[in-house]
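Reading through the structure tokens given below for one structure.
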Amino acid sequence: DVKEAVLSHQEHYDGTGYPRGLKGDEIPLLARIVSVADAFDAMTTDRPYRSKMSFSKAMDEIEKKSGTQFDPEACTALLTYRDTIEQIAQKRLAEDL
């Protein structure tokens, strides 16, 4: 399952992703979940080519791409716990300082 999730986590729910152009439920469930988590992490982490975006903006992007890039159910699961996740992230940031 993990191997398939790694292979398929760049597939987009609407079929425009890669490497195989899978769509919707053709994409393994774990890959659909990892896709949302990986994108959120990428958006909220500094990269050599761009600065991280705010938690709020990243959540808005996840919501905006629900049903196209991301599985709507995986997005709903993440967004349902938006406030809790933000509190955990803020606590973690305070600990790192």
Q) Does the distance from a Lys or Arg side-chain N to an Asp or Glu carboxylate O, for Asp14 and Lys65, drop under 4.0 Å? A) no
Q. What are the two closest non-hydrogen atoms of Asp60 and Arg82, and how far apart are they?
A. OD1-NH2, 3.1 Å
Q: Report the distance from atom CD1 of Ile27 to atom CD1 of Ile33, rounding to the nearest 0.5 Å.
A: 12.0 Å
Q: Among residues two or more places apart or on two chains, list those pairs meeting ring-ring contact (aromatic ring centres under 6.0 Å, His included) that have a residue in residues 12-52.
A: Phe40-Phe55
**Q.** Spacing of CG belonging to Leu29 relative to OG belonging to Ser8, to within rounding of 0.5 Å
**A.** 12.0 Å
Q: Output yes when a side-chain donor or acceptor of Glu11 lies under 3.5 Å from a complementary backbone atom of Leu22, and no otherwise.
A: yes
**Q.** Nearest-0.5 Å distance that lies between atom CZ in Arg20 and atom CD in Glu26
**A.** 9.5 Å
Q) Nearest 0.5 Å, what's the OG1-CD distance between Thr16 and Gln69? A) 7.5 Å
**Q.** Under 3.5 Å: donor-acceptor pair, side chain of Thr76, backbone of Pro72
**A.** yes
Q. According to the salt bridge (Lys or Arg N to Asp or Glu O under 4.0 Å) rule, which pairs have a member within residues 38-47, sequence neighbours left out?
A. Asp41-Arg47
Q. In the single-linkage hydrophobic clustering (I, L, V, M, F, W, Y; side-chain heavy atoms under 4.5 Å), do Tyr81 and Leu79 co-cluster?
A. yes
Q. Side-chain heavy atoms under 4.5 angstrom apart, residues restricted to Ile, Leu, Val, Met, Phe, Trp, Tyr: same cluster for Leu78 and Val34?
A. no
Q. Roughly how far apart are Met43 CE and Met59 CE, rounded to 0.5 Å?
A. 9.0 Å
Q: Indicate the atoms forming the closest heavy-atom contact of Arg32 with Ala74, along with that distance.
A: O-CB, 4.0 Å
Q: Please report the shortest heavy-atom distance between Glu73 and Asp71, naming the atom on each side.
A: N-OD1, 2.7 Å
Q: Measure the spacing between OG of Ser66 and CD of Glu63 and express it to the nearest 0.5 Å.
A: 8.0 Å
